[in-house]
Amino acid sequence: MDQEQIEALFRPFRRASTGPAAKISGIGLGLVFVNKVILRHHGHIDCRSTPGKGTCFIVTLPLMVDPE
């Protein structure tokens, strides 16, 4: 995926699949919900992709959040 496709992944009703995975049905909300849950827990999700090779998602969550 290129950078434009990666950015679209986290917008509602957008899908970046163009290869064999494009045949899988879905409405494009999965990563939107995942991102919202991660942000709610004060975390971060990063997506790295090499076209033709694959994509990696890295989720970082804090060990503890200050309740204040």
Side-chain angles (χ1 to χ4, degrees):
M1 288 187 287
D2 60 27
Q3 190 60 36
E4 186 177 315
Q5 288 174 309
I6 290 171
E7 291 170 8
L9 287 176
F10 299 101
R11 285 187 241 140
F13 308 110
R14 303 293 292 269
R15 295 182 64 201
S17 297
T18 57
K23 296 177 185 173
I24 299 171
S25 66
I27 59 172
L29 289 176
L31 284 174
V32 174
F33 288 138
V34 167
N35 192 36
K36 287 188 182 291
V37 170
I38 291 168
L39 290 174
R40 185 77 173 156
H41 286 85
H42 306 280
H44 177 76
I45 187 169
D46 186 37
C47 177
R48 298 177 187 165
S49 183
T50 303
K53 297 233 177 194
T55 303
C56 180
F57 290 90
I58 300 164
V59 175
T60 305
L61 295 170
L63 289 175
M64 192 159 110
V65 176
D66 188 2
E68 294 180 37

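Counting begins at 1 with the first residue of the sequence.
- Note that the CG atom of Leu39 and the CZ atom of Phe10 stand 9.5 Å from one another [nearest 0.5 Å].
- Remark: Val37 engages His41 in a side-chain contact (heavy atoms from CB on, under 4.5 Å) (not counting sequence neighbours).
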Would you give me the side-chain donor-acceptor pairs under 3.5 Å for residues 47-57, sequence neighbours excluded?
{"residue": "Arg48", "atom": "NE", "partner": "Asp46", "partner atom": "OD2", "Å": "2.9"}
{"residue": "Arg48", "atom": "NH2", "partner": "Asp46", "partner atom": "OD2", "Å": "3.3"}
{"residue": "Ser49", "atom": "OG", "partner": "Met1", "partner atom": "N", "Å": "2.8"}
{"residue": "Ser49", "atom": "OG", "partner": "Gly54", "partner atom": "O", "Å": "3.4"}
{"residue": "Ser49", "atom": "OG", "partner": "Thr55", "partner atom": "OG1", "Å": "3.0"}

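- The two residues Leu31 and Leu9 make their nearest non-hydrogen contact at CB-O, 3.7 Å.
- From His42, atom NE2 reaches atom CG of Leu61 across 11.0 Å, with rounding to the nearest 0.5 Å.
- Every residue two or more places apart in sequence or in another chain that forms a side-chain contact (heavy atoms from CB on, under 4.5 Å) with Gln3 is listed here: Ile6, Glu7.
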